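Structure record follows, encoded as structure tokens.
In the text below, chain A, chain B and the rest are named by the order of the sequence lines, each starting its count at 1. As the structure is a prediction and not an experimental result, all values here were calculated from the model.
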2 protein chains.
Amino acid sequence: MAKKKKPTIYDVAERSGISISTISRVLNNPEKVNPETRATVLDAIDKLGFVPKAEARARALSGSNRIGVITPFFTAPSFVQRLRGVASALATSNYELVIYTVDSYDRIQGYFSSIPFVSNLDGLIVMSLPIQKQDAQRFLDHGIETVLVEYSHPEMNCIEIDDFQGGVMATQYLIDKGHRCIAFVGDKEPHDFEIHPASARLKGFKETMRKAGLDLPDEYVRLFVNTQERAMQATRDMLSLPTPPTAIFAAADIQALSVLKVAREMGVKVPEQLAVIGFDDIDSAEYLDLTTIRQHLDESGKLAVEILLAHIADPSRPPQHVRLPLNLIERKTA
Amino acid sequence: MAKKKKPTIYDVAERSGISISTISRVLNNPEKVNPETRATVLDAIDKLGFVPKAEARARALSGSNRIGVITPFFTAPSFVQRLRGVASALATSNYELVIYTVDSYDRIQGYFSSIPFVSNLDGLIVMSLPIQKQDAQRFLDHGIETVLVEYSHPEMNCIEIDDFQGGVMATQYLIDKGHRCIAFVGDKEPHDFEIHPASARLKGFKETMRKAGLDLPDEYVRLFVNTQERAMQATRDMLSLPTPPTAIFAAADIQALSVLKVAREMGVKVPEQLAVIGFDDIDSAEYLDLTTIRQHLDESGKLAVEILLAHIADPSRPPQHVRLPLNLIERKTA
DNA sequence: TGCTAAACTGAAAGTGCTTTCATTTTTACT
DNA sequence: AGTAAAAATGAAAGCACTTTCAGTTTAGCA
């Protein structure tokens, strides 16, 4: 016979035939109640396995071992890999990992305004999401240790990536390989609540092309809503141009995958006829031999929790700003 | 101006000229209140330094609004996709998502014995992990609603996958395509704490081969520790056989990816010289045009939370056992 | 035995917050 | 413009206890 619900003080009252007030008293001011009554009450309490739940919860959860991660709803593999990094770093500590996924501006605002108050977290990791002054201030005011990944705030811990530099690296690599007709595909600014690394990568690309004195026709830069279909269409258009590019720099590996798929579909040989370079170095990149800019996704998550834990242990530490290095991983597509 | 007691929600209401209900809402369901109102409220909260009393909150709150997911440490994409399903289904409800990752037998035992007592969850999803009689009983006794994914227990909600049948489908498909020399690659039983769907898939494969009267030499079945390197080596060995198979059934897409990579490396044309079929239908499968058995990963997660929520709402419901359908997704590798 | 003070007890009124429900306001669509 | 549908909001009814207050008992004592 399994118990149904958690017993309340009322159940105890009923079972012992004594009013709830008295029960409450034996729990809080036992010396004020008749020992016999007290014994009866205690007996009933034991038999029912009653535990004042509200307090228990308040106590149990207060300042307890919880760390939260707020991240865009994980569609993109890169978010997942960052998350994997935090999970792995947290595995040995005995912190609980609470995930908040964001899928709209409203939701992120909601989290930012309620988390400091109600979800008592020991620390928070904000991933790939912009955070506004006053929201950040609230976290600071409420003493919640926070680390920002892929975004920066002067008074908070940050882990940044130099997307511009990454764009430069990728482009320069292609140029060094002798390419002159280089195109760019990437996602256009998607939602109001998301950061947009692709634009910095694009800047790095353009800048490098300019410095190298290379021509960059408008048709060689395609931005689109980030879906596989759109990415493929953009690539198809590009490869059907009178003078198609000999290399494509995709703002993210996931888009590079679409480029590769189209190349296969159109019988374009990679890398002979078309070089492809991506950005991120997601897991699949390795399976596809995709040349790409590695941004140490797992590592960023791991580092975030390390910084967080260190600051929880000693809140007086000054905020830490780290810039993760980028590496060009040469594989077979470029 | 004089500093008094701790401000309550009523003070905030008075100062902002907004009802306590709305104040409460901005704290708990921020997305349901008008951004302007929210800003006003937050402003007042900040100015007053209001902090909701945890115990009062616990008192008024019925459940804990937390649902937990316990899952193998997410190395494999399939775990991630299941998780994505639960996150997406949970996004609209406002339950907090707590993740427990398992990387050893000890850890899983730790979770199973402590979760019922200390982490007050409204519900738990156990993913791709076996659970023993007495552990299950503990959850049952403590009235924690639970749903098992990829495992089964008579008294608990379960979402099962017919791996055997999937093995049959994949194999039959290859046979129908005219293949006679079909090989199998898969991971061997890895840890004591993990379930092992590959073995059921292998059984389905063997059974189907037998029924079709096809010869299955020992070298055509390769099991290995699940790493990319081992998978690739196994494939290389197989393709170097005097009579290499004309088709390979990989127990999981992630392994099929390795097969594909080796085929590329060795210049073996897919599907002309070698057909490849996988299992799972992970995201990358689509990008690689991998023919595979889809097991509705995202859906399994979504369904798990739906069942869980329904049972939390009405605990008297009898446990539900659902078997998710499998579909053969025909793409270009077989 | 009668009377009063001390000891005990239960009904009911908080406690600070959440949530339901009905009402108003906005928006969307003929 | 006119209406249906959706969103936002406040009043009020909980939630699971604690505390107050007004009785009852009981004990002590003449």
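Note: NZ (B:Lys53) to P (C:dG14) measures 17 Å, nearest angstrom. Taking atom CG of residue A:Asn34 and atom C1' of nucleotide C:dA6, one finds them 13 Å apart after rounding to whole Å. To the nearest angstrom, C1' of C:dC21 lies 13 Å from NZ of B:Lys32. Taking atom CD1 of residue A:Ile23 and atom C1' of nucleotide C:dT9, one finds them 11 Å apart after rounding to whole Å. Rounded to whole angstrom, the span from the CD atom of A:Glu14 across to the C1' atom of C:dG10 amounts to 16 Å. Separating the CZ atom of B:Arg38 from the P atom of D:dT9 is a distance of 10 Å, rounded to the nearest angstrom. Following rounding to the nearest Å, B:Glu31 (CD) and D:dA6 (C1') show an atom-to-atom distance of 15 Å. A:Asn29 has its CG atom 13 Å from the C1' atom of D:dT20, to the nearest Å.
For A:Glu96 and B:Tyr100, the side-chain atoms include at least one donor-acceptor pair closer than 3.5 Å. A side-chain N or O of A:His311 and one of A:Asn157 form a donor-acceptor pair less than 3.5 Å apart.
Nearest to the side-chain atoms of A:Ser24 among the listed nucleotides D:dT19, C:dC17, D:dG10 stands D:dT19. Of the candidate nucleotides C:dT20, C:dT9, C:dC17, C:dT9 has the atom lying nearest to any side-chain atom of A:Arg25. Relative to the side chain of B:Ile18, the nucleotides D:dG10, D:dT19, C:dT9 differ in distance, and D:dG10 lies closest. Distances from the side chain of A:Thr22 to the nucleotides D:dT9, D:dT18, C:dT9 place C:dT9 closest. With distances taken from any side-chain atom of B:Ser21 to the nucleotides C:dG10, C:dC17, D:dA12, the minimum falls on D:dA12. Nearest nucleotide to the side chain of A:Thr8, out of D:dT19, D:dC17, C:dT9: D:dC17. Of the candidate nucleotides D:dT18, C:dC8, D:dA11, C:dC8 has the atom lying nearest to any side-chain atom of A:Thr37.
Heavy-atom distances to DNA chain C give each of A:Val33 and A:Ile20 a nearest nucleotide, and the one nearer the 5′ end belongs to A:Val33.
The environment of B:Glu36 atom CD is sparse: at most 12 non-hydrogen atoms of other residues, nucleotides or ligands sit within 6.0 angstrom.
Under 3.5 Å, the side chain of B:Tyr10 and the base of C:dC17 form at least one donor-acceptor pair of N or O atoms.
Checking B:Arg294, B:His296, B:Gln81 one by one against B:Asp281, the side-chain hydrogen bond (donor to acceptor under 3.5 Å, both in side chains) holds for a single residue, B:Arg294.
Expressed to the nearest 0.5 Å, how far CG of B:Leu148 lies from CD of B:Glu160 amounts to 9.0 Å.
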